[in-house]
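Counting convention: from 1, in listed order, for ligands and their atoms alike. Keep in mind it's a predicted model, so treat the numbers as computed, not measured. We use all heavy atoms of the structure for the numbers below, so side chains are in, but hydrogens, waters and symmetry mates are not.
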Amino acid sequence: MCPDTGKAEAGHRGRKRLNAEENERVHFKEENKMTINNQAVETWIGEMAEMTRPDRIVYIDGSKEQIEELRELAVRTGEMIRLNQELLPDCYYYRTSPKDVARDEKRTLICTKTREEAGPTNNWTDPQEMYAKMKKLYQGCMKGRTMYVIPFSMGVPGSPFAKIGIELTDSVYVVLNMCIMTRVGAGAVRLLEEGADFTRCLHSKADLNENEKYIVHFPEDNAIWSINSAYGGNVLLGKKCLALRIASFMGRNEGWMAEHMLILGIENPQGEVKYICAAFPSACGKTNLAMLIPPELYRKQGYKVWTVGDDIAWLRVGEDGRLWAVNPENGFFGVAPGTNDRSNPNALATTKRGTIFTNVARNLDNNTVWWERLDKEPLVNGEDWLGRPWNGRESEEKGAHPNSRFTAPAENCPCVSSEFNSLTGVPISAIVFGGRRAKTEPLVYEARNWNHGVFMGASMSSETTAAANGAVGVVRHDPMAMLPFCGYNMADYFRHWLEMGRQVTDPPKFFHVNWFRTDEEGAFIWPGFGENLRVLLWMLDRCEHKVSAVKSPIGFQPDPRDIDLTGLDIAPETMKKLLSINLDIWKDEAAGIETFFSQFPDLPKELAEELTTLKKNLLIPTANPRNASSSIAV
Ligand code: OXD
Ligand code: MN
């Protein structure tokens, strides 16, 4: 392993690495220029530097010049590779250590004063114990290194939604990613100087010892400590750690919500835009849905889709009684494999400039990047994500890691919403929950009301993916896609959702979707991607009371004729199958929900009541629940 980055030597084959002395000569023009005039900030940075002992402290202002200096430094030290600047201007390539390729849920902790506050679904340790343990690990870990101070804002500075953080890190890769994913520099500094509170984020790659890797949240102290990892989800502390775990805790106390949701706008031919939020677990297609391109038929009619966010939504009740959402991020940290000009041309276009690629394969013929299903041509003269020579025609192994990523600026996205930088956000018409379920869940159904919608989210399950360490393809309960991201007791989180429902006087409708239903051969039945618009349009019609629905044991379902299939090769029978519910499977599902809920002694009674209703509905003695249904008026 390389001593200073802990990365496998294979990852640096053929690249010159600098010795410590050469590194010393790295000069930062901006080094002493920036200050943050706030006593609490100074004291904290002083304490953290005292503990970690960096050789130098460099403040990050997010300027083009400083970013350029850091890129050059990363190339000189061998940490990153500069990609072909003609084909991929300002794009860089990075490999993590081979065992540090995904979020590590087992090593992610919520350290609240009591175990109960963190709840049964989070890993918990007493905060004092954890601080003591981690202080030992951080002791002197930045000796010989630079500590970068990154002041950042989640949300547009000045927006009532925005929250400020400062991340201290010894990783240039983290700095460069944070400069894409968050709003770094002046705006955050101004708010800090006006006395804004901030999340204290400390990261050190230390020596990347996987046995001492920790991603720890202290919500009561507004602090995050991460050590021994360099994988995005564990180290870009503004993202999962602040914008979901810490923010969900803040939101509960302050009366708003932080959710693992994309936000998209659908513009109709009359130019009206309606916004939808959707929560799917990691790597289940949020980025693809957020950047959806309408099928040609709809494009010709004038439909457009606009991306506000692909991963995180912060939601507040507006003065008008509607729910309003912002995306607190400034870029996309998307899964690369499977992204191509059919599945998501907008994402592909977004990655053509100013992007950092992590753990993908590299094309040695033209120094660009490659991943599985990027195109039909296998890469022949390549290097895999481990830095080994790789020929896609011969190799049985994958060229890119299944959780390899691109970090790309949102401003690159051809369909970025004009409301992306709105201070007040966008009003939400519909909230969608979904996951990967081969058999159980129908293509779409609608909740009867807010409480039923909360139950729908709370009882969500999905097959696991490569975004987190552990087995892939195992069905697990993942309420609101927040299981790994809720910063406090999930029973209280459900209660908070129910409370928000009492405050929204003009609520969005709730829906559940499943794009991943399979047939007897295991093939996906629904074409997905752009065609998902057809389902979203049915939802919007429901929101505007333009179409009726059919009662079923699990909620309202479309009359199959109400989902427009024009131009699609899908028989009405297939549509019926996509919408069908198997009562036996659903009885098992209800039992699974009951077991999942039973771990919360303090489960809100509203959810227990919804479960009782579901069980009652499922006992209707009929072979086909749709026969037992009746049309309801809208
Ligand atoms: C992500 C994740 O990176 O959910 O967005 O893991
Ligand atoms: Mn995510």
Asks: Are R405 and F357 in a cation-pi contact, defined as NZ or CZ under 6.0 Å from the six-membered ring centre and within 45° of the axis?
Replies: no
Asks: Checking side-chain contact (heavy atoms from CB on, under 4.5 Å) between T169 and each of N177, V175, L237, L202, which is the one that passes?
Replies: V175
Asks: Quick check for you: within a radius under 2.8 Å, how many protein N, O or S atoms neighbour the Mn ion (ligand 2)?
Replies: 3
Asks: Once the angle between the rings of H477 and F596 is folded into 0 to 90°, is it parallel (under 30°), tilted (30 to 60°) or perpendicular (over 60°)?
Replies: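 Correct class here is parallel.
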Asks: If every non-hydrogen atom of W370 is compared with every non-hydrogen atom of V360, which pair is closest and at what distance?
Replies: O-CB, 3.6 Å
Asks: When rounded to the nearest 0.5 angstrom, what is the spacing between CH2 in W256 and NE2 in H496?
Replies: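 W256 atom CH2 to H496 atom NE2 measures 8.5 Å (nearest 0.5 Å).
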Asks: Could you work out, with side-chain contact (heavy atoms from CB on, under 4.5 Å) as the rule, every residue matching T121, not counting sequence neighbours?
Replies: L483, M490, Q599, F600
Asks: Take K163 and E329 through the salt bridge (charged side-chain N to carboxylate O under 4.0 Å, His left out) test and state the conclusion after the steps.
Replies: CA-CA 11 Å; K163 293 286 175 194; E329 302 193 278; over 6 Å; no
Asks: Mind checking the CE-CD1 spacing from M539 to I266? Nearest 0.5 Å is all I need.
Replies: 8.5 Å
Asks: With hydrogens left out, which residues have an atom under 4.0 Å from ligand 1, given that only heavy atoms count?
Replies: R103, K239, K240, H260, S282, D311, F333, R405, A467, F485
Asks: How would you list, by chain and number, every residue that makes a side-chain contact (heavy atoms from CB on, under 4.5 Å) with P409, sequence neighbours excluded?
Replies: I180, T355, E411, N412
